[in-house]
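Convention: sequence-line order gives letters A, B, ...; per-chain numbering from 1.
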Amino acid sequence: MEHGSPKPTAAALVHEQYQAVYRFAYRLSRSPSDAEDLTQQTFLVACGKLDDLRELDRARSWLFTIVRNLYLRTRRPAEMSAVSIEDTGELAADPDWESPFDSERLAMALDELPDVYRLPLLLYYFEDLPYKEISNVLGVPMGTVMSRLARGKEHLRNTLGSPEQAGYVDLP
Amino acid sequence: MDNCVQVRARLQLLTLAEFAAVNAQEVHLQSCADCRQWSARALQFDAEVRSALNDVPVPAGLEARLLAAIEQATTEVAPQDLSAPGLAVPSLQSVPVRPKRFWVWRTAVAVALLLALGGWWFLPTAAIAPAFEFAELQGSLQEEFSSSEVAPQLTSAEGLDCTSIERELARLRLANPRGLELDNITGADAAVYEFKFKRWTGVLVAIPTQRLTGGPNTKVPTHVSHQRSFAWQSQNDEWTYLCYVHSGPEAGLLQSLFGGLA
(Lines give C-alpha, C1' and ligand atoms only; values in the text may rest on other atoms or scores of the structure.)
Protein backbone atom coordinates (compact mmCIF):
# COMPACT_ATOMS: atom_id res chain seq x y z
CA MET A 1 0.00 0.00 0.00
CA GLU A 2 1.20 3.48 -0.56
CA HIS A 3 1.90 5.68 2.37
CA GLY A 4 -0.76 8.30 2.71
CA SER A 5 -3.52 6.48 0.92
CA PRO A 6 -6.72 6.96 2.89
CA LYS A 7 -7.72 3.39 3.57
CA PRO A 8 -5.99 0.15 2.68
CA THR A 9 -7.99 -2.61 1.10
CA ALA A 10 -7.87 -6.06 2.58
CA ALA A 11 -6.21 -7.36 -0.56
CA ALA A 12 -3.50 -4.71 -0.44
CA LEU A 13 -2.87 -5.38 3.23
CA VAL A 14 -2.51 -9.10 2.59
CA HIS A 15 -0.34 -8.60 -0.47
CA GLU A 16 2.09 -6.32 1.31
CA GLN A 17 2.27 -7.94 4.71
CA TYR A 18 1.41 -11.62 4.51
CA GLN A 19 5.00 -12.81 4.23
CA ALA A 20 6.19 -10.83 7.24
CA VAL A 21 3.16 -11.89 9.25
CA TYR A 22 3.69 -15.53 8.37
CA ARG A 23 7.36 -15.38 9.33
CA PHE A 24 6.56 -13.82 12.67
CA ALA A 25 3.79 -16.35 13.27
CA TYR A 26 6.16 -19.16 12.38
CA ARG A 27 8.79 -17.95 14.81
CA LEU A 28 6.16 -17.73 17.52
CA SER A 29 4.42 -21.02 16.91
CA ARG A 30 7.39 -23.02 15.58
CA SER A 31 5.03 -24.90 13.29
CA PRO A 32 4.21 -24.23 9.63
CA SER A 33 0.58 -25.28 10.00
CA ASP A 34 0.07 -23.27 13.19
CA ALA A 35 1.80 -20.31 11.56
CA GLU A 36 -0.55 -20.45 8.59
CA ASP A 37 -3.50 -20.74 10.90
CA LEU A 38 -2.30 -17.77 12.94
CA THR A 39 -1.69 -15.78 9.78
CA GLN A 40 -5.19 -16.45 8.52
CA GLN A 41 -6.76 -15.54 11.84
CA THR A 42 -4.68 -12.39 11.96
CA PHE A 43 -5.85 -11.13 8.59
CA LEU A 44 -9.44 -12.05 9.31
CA VAL A 45 -9.30 -10.03 12.50
CA ALA A 46 -7.44 -7.21 10.78
CA CYS A 47 -9.89 -6.99 7.91
CA GLY A 48 -12.69 -6.58 10.41
CA LYS A 49 -10.84 -3.72 12.02
CA LEU A 50 -9.36 -1.88 9.08
CA ASP A 51 -10.90 1.33 10.33
CA ASP A 52 -8.66 1.10 13.39
CA LEU A 53 -5.58 1.37 11.24
CA ARG A 54 -4.95 5.09 11.27
CA GLU A 55 -1.34 5.18 10.17
CA LEU A 56 -0.59 2.96 7.23
CA ASP A 57 3.10 2.88 7.89
CA ARG A 58 2.28 1.13 11.16
CA ALA A 59 0.40 -1.68 9.46
CA ARG A 60 3.11 -4.24 10.08
CA SER A 61 3.42 -3.40 13.75
CA TRP A 62 -0.36 -3.46 14.06
CA LEU A 63 -0.56 -6.87 12.42
CA PHE A 64 2.26 -8.22 14.56
CA THR A 65 0.34 -7.11 17.63
CA ILE A 66 -2.66 -9.11 16.47
CA VAL A 67 -0.47 -12.15 15.75
CA ARG A 68 1.14 -11.91 19.15
CA ASN A 69 -2.18 -11.52 20.97
CA LEU A 70 -3.71 -14.45 19.14
CA TYR A 71 -0.67 -16.54 19.94
CA LEU A 72 -0.60 -15.56 23.61
CA ARG A 73 -4.28 -16.30 23.91
CA THR A 74 -3.70 -19.88 22.90
CA ARG A 75 -0.82 -20.53 25.24
CA ARG A 76 -1.43 -22.56 28.34
CA PRO A 77 -0.39 -20.84 31.56
CA ALA A 78 2.17 -23.54 32.25
CA GLU A 79 3.96 -22.67 29.05
CA MET A 80 4.28 -19.07 30.15
CA SER A 81 5.66 -19.83 33.57
CA ALA A 82 9.27 -19.16 34.31
CA VAL A 83 11.68 -21.86 33.30
CA SER A 84 15.34 -21.75 34.04
CA ILE A 85 17.41 -20.98 31.02
CA GLU A 86 19.88 -23.52 32.31
CA ASP A 87 17.33 -26.11 31.26
CA THR A 88 18.19 -25.21 27.70
CA GLY A 89 21.88 -25.73 28.12
CA GLU A 90 22.05 -28.66 25.72
CA LEU A 91 22.68 -26.27 22.89
CA ALA A 92 26.18 -25.44 23.91
CA ALA A 93 28.44 -23.88 21.33
CA ASP A 94 29.66 -26.41 18.82
CA PRO A 95 33.32 -25.80 18.09
CA ASP A 96 33.03 -27.48 14.68
CA TRP A 97 30.24 -25.24 13.61
CA GLU A 98 31.53 -22.30 11.63
CA SER A 99 28.64 -20.18 10.45
CA PRO A 100 27.27 -18.25 13.43
CA PHE A 101 24.11 -17.12 11.66
CA ASP A 102 22.82 -20.20 10.02
CA SER A 103 19.07 -19.71 10.24
CA GLU A 104 18.44 -23.34 11.12
CA ARG A 105 20.89 -23.12 13.95
CA LEU A 106 19.23 -19.94 15.12
CA ALA A 107 15.83 -21.61 14.89
CA MET A 108 17.12 -24.47 17.01
CA ALA A 109 18.49 -22.06 19.55
CA LEU A 110 15.20 -20.18 19.68
CA ASP A 111 13.09 -23.30 19.82
CA GLU A 112 15.03 -24.54 22.78
CA LEU A 113 14.21 -21.39 24.70
CA PRO A 114 11.14 -21.34 26.92
CA ASP A 115 8.53 -18.74 26.01
CA VAL A 116 9.63 -16.52 28.86
CA TYR A 117 12.88 -15.87 27.01
CA ARG A 118 11.77 -16.43 23.44
CA LEU A 119 8.87 -13.98 23.45
CA PRO A 120 10.89 -10.95 24.58
CA LEU A 121 13.49 -11.77 21.93
CA LEU A 122 10.89 -11.98 19.19
CA LEU A 123 9.21 -8.79 20.32
CA TYR A 124 12.58 -7.09 20.34
CA TYR A 125 13.86 -8.36 17.01
CA PHE A 126 10.64 -8.56 15.00
CA GLU A 127 8.62 -5.73 16.42
CA ASP A 128 11.49 -3.53 17.53
CA LEU A 129 9.60 -2.80 20.72
CA PRO A 130 11.35 -0.88 23.49
CA TYR A 131 11.76 -2.57 26.87
CA LYS A 132 8.90 -0.61 28.38
CA GLU A 133 6.45 -1.80 25.76
CA ILE A 134 7.66 -5.39 25.96
CA SER A 135 7.07 -5.12 29.69
CA ASN A 136 3.49 -3.99 29.06
CA VAL A 137 2.85 -6.68 26.50
CA LEU A 138 4.09 -9.51 28.66
CA GLY A 139 2.81 -8.10 31.93
CA VAL A 140 6.13 -8.37 33.74
CA PRO A 141 8.31 -5.66 35.26
CA MET A 142 10.80 -3.90 33.01
CA GLY A 143 13.71 -5.28 35.02
CA THR A 144 12.45 -8.76 34.31
CA VAL A 145 12.26 -7.98 30.60
CA MET A 146 15.80 -6.67 30.68
CA SER A 147 17.17 -9.73 32.40
CA ARG A 148 15.22 -12.12 30.19
CA LEU A 149 16.34 -10.35 27.04
CA ALA A 150 19.91 -10.31 28.25
CA ARG A 151 19.81 -13.99 29.08
CA GLY A 152 18.03 -14.84 25.85
CA LYS A 153 20.64 -12.99 23.85
CA GLU A 154 23.37 -14.62 25.85
CA HIS A 155 21.90 -18.00 25.03
CA LEU A 156 21.86 -17.12 21.34
CA ARG A 157 25.43 -15.89 21.49
CA ASN A 158 26.63 -18.99 23.28
CA THR A 159 24.77 -21.20 20.85
CA LEU A 160 25.72 -19.39 17.72
CA GLY A 161 29.39 -19.10 18.47
CA SER A 162 31.92 -17.42 20.63
CA PRO A 163 31.15 -13.92 21.96
CA GLU A 164 33.70 -12.49 19.58
CA GLN A 165 32.11 -14.20 16.60
CA ALA A 166 28.68 -13.15 17.68
CA GLY A 167 29.55 -9.55 18.17
CA TYR A 168 29.70 -9.00 21.92
CA VAL A 169 32.69 -8.74 24.12
CA ASP A 170 32.79 -8.55 27.85
CA LEU A 171 33.10 -5.22 29.52
CA PRO A 172 36.65 -4.36 30.47
CA MET B 1 31.84 11.82 31.60
CA ASP B 2 30.25 8.45 30.99
CA ASN B 3 32.31 5.38 31.51
CA CYS B 4 32.15 2.23 29.42
CA VAL B 5 29.69 0.45 31.69
CA GLN B 6 27.23 3.33 31.71
CA VAL B 7 27.37 3.79 27.96
CA ARG B 8 26.87 0.13 27.20
CA ALA B 9 24.05 -0.17 29.71
CA ARG B 10 22.34 2.84 28.13
CA LEU B 11 22.75 1.58 24.59
CA GLN B 12 21.42 -1.85 25.47
CA LEU B 13 18.16 -0.30 26.65
CA LEU B 14 17.43 1.11 23.20
CA THR B 15 15.42 -0.50 20.48
CA LEU B 16 17.38 -1.68 17.48
CA ALA B 17 16.47 1.39 15.47
CA GLU B 18 17.33 3.74 18.30
CA PHE B 19 20.59 1.96 18.93
CA ALA B 20 21.64 2.37 15.33
CA ALA B 21 20.68 6.04 15.29
CA VAL B 22 22.28 6.95 18.59
CA ASN B 23 25.38 4.91 18.03
CA ALA B 24 26.87 7.29 15.51
CA GLN B 25 26.35 10.28 17.78
CA GLU B 26 27.60 8.77 21.01
CA VAL B 27 30.48 10.97 22.15
CA HIS B 28 32.03 8.28 24.29
CA LEU B 29 32.38 5.94 21.35
CA GLN B 30 34.47 8.46 19.49
CA SER B 31 37.11 8.34 22.17
CA CYS B 32 36.88 4.70 23.28
CA ALA B 33 38.04 2.05 20.84
CA ASP B 34 36.82 -0.82 23.03
CA CYS B 35 33.29 0.50 23.20
CA ARG B 36 33.33 1.37 19.51
CA GLN B 37 34.22 -2.24 18.77
CA TRP B 38 31.62 -3.50 21.23
CA SER B 39 28.96 -1.31 19.67
CA ALA B 40 29.79 -2.33 16.12
CA ARG B 41 29.67 -6.01 17.02
CA ALA B 42 26.45 -5.60 18.93
CA LEU B 43 24.81 -3.92 15.97
CA GLN B 44 26.14 -6.57 13.62
CA PHE B 45 24.91 -9.36 15.89
CA ASP B 46 21.45 -7.85 16.14
CA ALA B 47 21.23 -7.26 12.41
CA GLU B 48 22.27 -10.80 11.62
CA VAL B 49 19.91 -12.32 14.15
CA ARG B 50 17.08 -10.27 12.72
CA SER B 51 18.00 -11.32 9.21
CA ALA B 52 18.21 -14.97 10.19
CA LEU B 53 14.87 -14.77 11.99
CA ASN B 54 13.32 -13.62 8.75
CA ASP B 55 14.79 -16.53 6.85
CA VAL B 56 11.55 -18.49 6.82
CA PRO B 57 10.15 -19.97 3.61
CA VAL B 58 6.61 -18.80 3.00
CA PRO B 59 4.25 -21.53 1.75
CA ALA B 60 3.31 -21.34 -1.89
CA GLY B 61 -0.19 -20.07 -2.52
CA LEU B 62 -0.57 -18.61 0.96
CA GLU B 63 -1.65 -15.21 -0.33
CA ALA B 64 -4.38 -16.75 -2.45
CA ARG B 65 -5.62 -18.86 0.44
CA LEU B 66 -5.73 -15.83 2.72
CA LEU B 67 -7.68 -13.81 0.19
CA ALA B 68 -10.09 -16.68 -0.32
CA ALA B 69 -10.64 -17.01 3.44
CA ILE B 70 -11.27 -13.29 3.75
CA GLU B 71 -13.68 -13.32 0.86
CA GLN B 72 -15.53 -16.26 2.33
CA ALA B 73 -15.73 -14.64 5.74
CA THR B 74 -16.90 -11.29 4.44
CA THR B 75 -19.59 -12.80 2.27
CA GLU B 76 -20.93 -15.23 4.82
CA VAL B 77 -20.36 -13.52 8.16
CA ALA B 78 -21.78 -10.16 9.10
CA PRO B 79 -19.04 -7.51 9.12
CA GLN B 80 -19.30 -6.81 12.83
CA ASP B 81 -18.60 -10.44 13.61
CA LEU B 82 -15.12 -10.12 12.16
CA SER B 83 -14.15 -7.73 14.91
CA ALA B 84 -13.95 -10.59 17.33
CA PRO B 85 -10.63 -12.41 17.15
CA GLY B 86 -10.80 -15.85 15.73
CA LEU B 87 -14.34 -15.71 14.46
CA ALA B 88 -14.14 -16.32 10.80
CA VAL B 89 -16.09 -19.16 9.38
CA PRO B 90 -19.31 -19.58 7.51
CA SER B 91 -22.32 -19.08 9.68
CA LEU B 92 -24.81 -21.80 10.24
CA GLN B 93 -27.32 -19.79 8.33
CA SER B 94 -25.86 -21.33 5.21
CA VAL B 95 -26.31 -24.86 6.45
CA PRO B 96 -29.20 -26.73 4.90
CA VAL B 97 -31.97 -26.99 7.43
CA ARG B 98 -34.29 -29.93 7.55
CA PRO B 99 -37.76 -29.76 9.05
CA LYS B 100 -37.96 -30.01 12.81
CA ARG B 101 -39.24 -33.35 13.92
CA PHE B 102 -36.99 -34.54 16.67
CA TRP B 103 -38.59 -32.87 19.68
CA VAL B 104 -42.20 -33.07 18.68
CA TRP B 105 -42.90 -36.21 20.68
CA ARG B 106 -41.28 -34.75 23.76
CA THR B 107 -43.45 -31.66 23.56
CA ALA B 108 -46.57 -33.66 22.92
CA VAL B 109 -45.98 -35.92 25.89
CA ALA B 110 -45.17 -33.01 28.17
CA VAL B 111 -48.29 -31.08 27.19
CA ALA B 112 -50.52 -34.16 27.42
CA LEU B 113 -49.27 -34.95 30.88
CA LEU B 114 -49.78 -31.43 32.07
CA LEU B 115 -53.28 -31.24 30.71
CA ALA B 116 -54.19 -34.70 31.99
CA LEU B 117 -53.21 -33.71 35.47
CA GLY B 118 -55.29 -30.62 35.19
CA GLY B 119 -52.24 -28.73 36.17
CA TRP B 120 -51.62 -26.69 33.09
CA TRP B 121 -51.25 -23.71 35.41
CA PHE B 122 -47.97 -25.26 36.48
CA LEU B 123 -46.65 -24.73 32.98
CA PRO B 124 -44.68 -21.57 33.73
CA THR B 125 -42.92 -23.29 36.60
CA ALA B 126 -42.20 -26.41 34.60
CA ALA B 127 -41.04 -24.36 31.68
CA ILE B 128 -38.35 -22.56 33.57
CA ALA B 129 -35.79 -25.29 33.72
CA PRO B 130 -36.73 -28.80 32.74
CA ALA B 131 -33.74 -31.06 32.99
CA PHE B 132 -32.52 -33.38 30.27
CA GLU B 133 -30.92 -36.71 30.88
CA PHE B 134 -27.44 -36.37 29.50
CA ALA B 135 -26.97 -39.86 28.06
CA GLU B 136 -30.27 -39.71 26.24
CA LEU B 137 -29.56 -36.24 24.97
CA GLN B 138 -26.12 -37.26 23.82
CA GLY B 139 -27.55 -40.06 21.71
CA SER B 140 -30.24 -37.86 20.27
CA LEU B 141 -27.87 -35.09 19.36
CA GLN B 142 -25.55 -37.63 17.80
CA GLU B 143 -28.27 -38.33 15.24
CA GLU B 144 -28.65 -34.65 14.58
CA PHE B 145 -25.05 -33.54 14.41
CA SER B 146 -22.99 -36.55 13.44
CA SER B 147 -22.96 -35.53 9.82
CA SER B 148 -22.53 -32.24 8.09
CA GLU B 149 -25.28 -33.32 5.72
CA VAL B 150 -28.02 -32.84 8.26
CA ALA B 151 -28.84 -30.12 10.71
CA PRO B 152 -31.76 -29.63 13.01
CA GLN B 153 -33.84 -26.52 12.81
CA LEU B 154 -32.01 -23.84 14.69
CA THR B 155 -33.22 -20.61 16.15
CA SER B 156 -31.69 -17.51 17.62
CA ALA B 157 -29.18 -18.09 20.40
CA GLU B 158 -30.35 -14.95 22.13
CA GLY B 159 -30.16 -15.31 25.88
CA LEU B 160 -27.45 -17.93 25.77
CA ASP B 161 -24.26 -16.25 26.85
CA CYS B 162 -21.48 -18.50 25.66
CA THR B 163 -18.78 -15.89 25.70
CA SER B 164 -16.97 -17.69 28.50
CA ILE B 165 -15.94 -20.38 26.12
CA GLU B 166 -12.83 -22.27 27.13
CA ARG B 167 -9.31 -21.14 26.34
CA GLU B 168 -8.67 -24.11 24.09
CA LEU B 169 -11.93 -23.60 22.27
CA ALA B 170 -10.94 -20.06 21.44
CA ARG B 171 -8.57 -21.60 18.95
CA LEU B 172 -11.48 -23.01 16.99
CA ARG B 173 -12.90 -20.72 14.38
CA LEU B 174 -16.46 -20.63 15.54
CA ALA B 175 -19.34 -19.48 13.44
CA ASN B 176 -22.08 -17.39 14.95
CA PRO B 177 -23.96 -19.44 17.54
CA ARG B 178 -27.45 -20.63 16.77
CA GLY B 179 -29.98 -21.70 19.31
CA LEU B 180 -31.25 -25.26 19.65
CA GLU B 181 -34.60 -25.90 21.26
CA LEU B 182 -34.64 -29.08 23.26
CA ASP B 183 -38.15 -28.91 24.63
CA ASN B 184 -40.08 -26.43 22.48
CA ILE B 185 -41.13 -24.65 25.63
CA THR B 186 -38.45 -22.35 26.89
CA GLY B 187 -36.86 -21.18 23.68
CA ALA B 188 -33.25 -21.97 22.86
CA ASP B 189 -31.74 -24.36 25.37
CA ALA B 190 -28.32 -24.84 23.82
CA ALA B 191 -25.93 -22.91 21.62
CA VAL B 192 -24.68 -24.59 18.48
CA TYR B 193 -21.48 -23.52 16.80
CA GLU B 194 -20.15 -24.76 13.55
CA PHE B 195 -16.38 -24.83 13.82
CA LYS B 196 -13.34 -25.11 11.66
CA PHE B 197 -9.84 -25.75 12.93
CA LYS B 198 -7.01 -26.59 10.59
CA ARG B 199 -8.21 -29.75 8.82
CA TRP B 200 -11.09 -30.41 11.18
CA THR B 201 -14.67 -29.32 10.89
CA GLY B 202 -17.65 -30.11 13.02
CA VAL B 203 -20.23 -28.82 15.44
CA LEU B 204 -19.85 -27.77 19.03
CA VAL B 205 -22.94 -27.80 21.21
CA ALA B 206 -22.84 -25.87 24.48
CA ILE B 207 -25.56 -26.70 27.00
CA PRO B 208 -25.96 -25.06 30.40
CA THR B 209 -24.92 -27.80 32.81
CA GLN B 210 -27.76 -26.94 35.16
CA ARG B 211 -30.16 -28.14 32.50
CA LEU B 212 -28.69 -31.64 32.58
CA THR B 213 -28.85 -34.60 34.84
CA GLY B 214 -26.16 -37.25 34.76
CA GLY B 215 -23.77 -35.09 32.78
CA PRO B 216 -20.26 -36.09 31.77
CA ASN B 217 -18.97 -34.94 35.19
CA THR B 218 -15.51 -34.41 33.84
CA LYS B 219 -13.51 -31.44 32.69
CA VAL B 220 -11.39 -33.67 30.52
CA PRO B 221 -12.79 -34.06 27.00
CA THR B 222 -13.89 -37.66 26.91
CA HIS B 223 -14.26 -39.59 23.73
CA VAL B 224 -17.64 -41.21 23.20
CA SER B 225 -17.00 -44.77 22.12
CA HIS B 226 -18.05 -45.67 18.60
CA GLN B 227 -18.85 -42.08 17.89
CA ARG B 228 -16.88 -39.23 16.39
CA SER B 229 -17.62 -37.01 19.34
CA PHE B 230 -16.47 -36.13 22.79
CA ALA B 231 -17.99 -34.43 25.80
CA TRP B 232 -16.82 -32.50 28.83
CA GLN B 233 -17.71 -29.68 31.18
CA SER B 234 -16.24 -26.21 31.29
CA GLN B 235 -13.73 -25.38 33.98
CA ASN B 236 -16.37 -23.44 35.90
CA ASP B 237 -18.95 -26.23 35.40
CA GLU B 238 -21.27 -23.72 33.81
CA TRP B 239 -21.35 -25.38 30.40
CA THR B 240 -21.37 -28.89 29.10
CA TYR B 241 -19.83 -29.26 25.69
CA LEU B 242 -20.53 -31.86 23.08
CA CYS B 243 -18.24 -31.78 20.10
CA TYR B 244 -19.13 -33.65 16.92
CA VAL B 245 -16.33 -34.02 14.42
CA HIS B 246 -17.30 -34.09 10.77
CA SER B 247 -13.93 -34.19 9.08
CA GLY B 248 -10.48 -35.01 10.34
CA PRO B 249 -9.55 -37.61 12.95
CA GLU B 250 -11.19 -36.78 16.27
CA ALA B 251 -8.20 -38.11 18.20
CA GLY B 252 -5.99 -35.68 16.33
CA LEU B 253 -8.31 -32.80 17.19
CA LEU B 254 -8.15 -33.75 20.85
CA GLN B 255 -4.40 -33.97 20.65
CA SER B 256 -4.08 -30.63 18.93
CA LEU B 257 -6.49 -28.76 21.16
CA PHE B 258 -6.03 -30.38 24.52
CA GLY B 259 -2.84 -32.35 24.22
CA GLY B 260 -4.66 -35.65 23.87
CA LEU B 261 -6.34 -35.55 27.22
CA ALA B 262 -8.90 -38.21 26.60
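Counting heavy atoms from C-beta on, the side chains of Trp62(A) and Leu13(A) come closer than 4.5 Å.
Using a 4.5 Å cut-off between heavy atoms, Leu121(A) makes no contact with chain B at all. For a residue to count as touching a neighbouring chain, one of its non-hydrogen atoms must lie under 4.5 Å from one of that chain's; by this rule Tyr26(A) touches chain B with the side chain only.
When atom types are taken as modelled, the side chain of Thr42(A) and the backbone of Leu38(A) share a donor-acceptor pair closer than 3.5 angstrom. A donor-acceptor contact shorter than 3.5 Å links the side chain of Arg36(B) to the backbone of Gln30(B).
A perpendicular orientation is assigned to the rings of Phe64(A) and Phe126(A), their planes being inclined by more than 60° (bins at 30° and 60°).
Your options are Gln19(A), Met146(A), Arg23(A), Glu36(A), and the one with the most heavy-atom pairs under 4.5 Å with chain B is Arg23(A).
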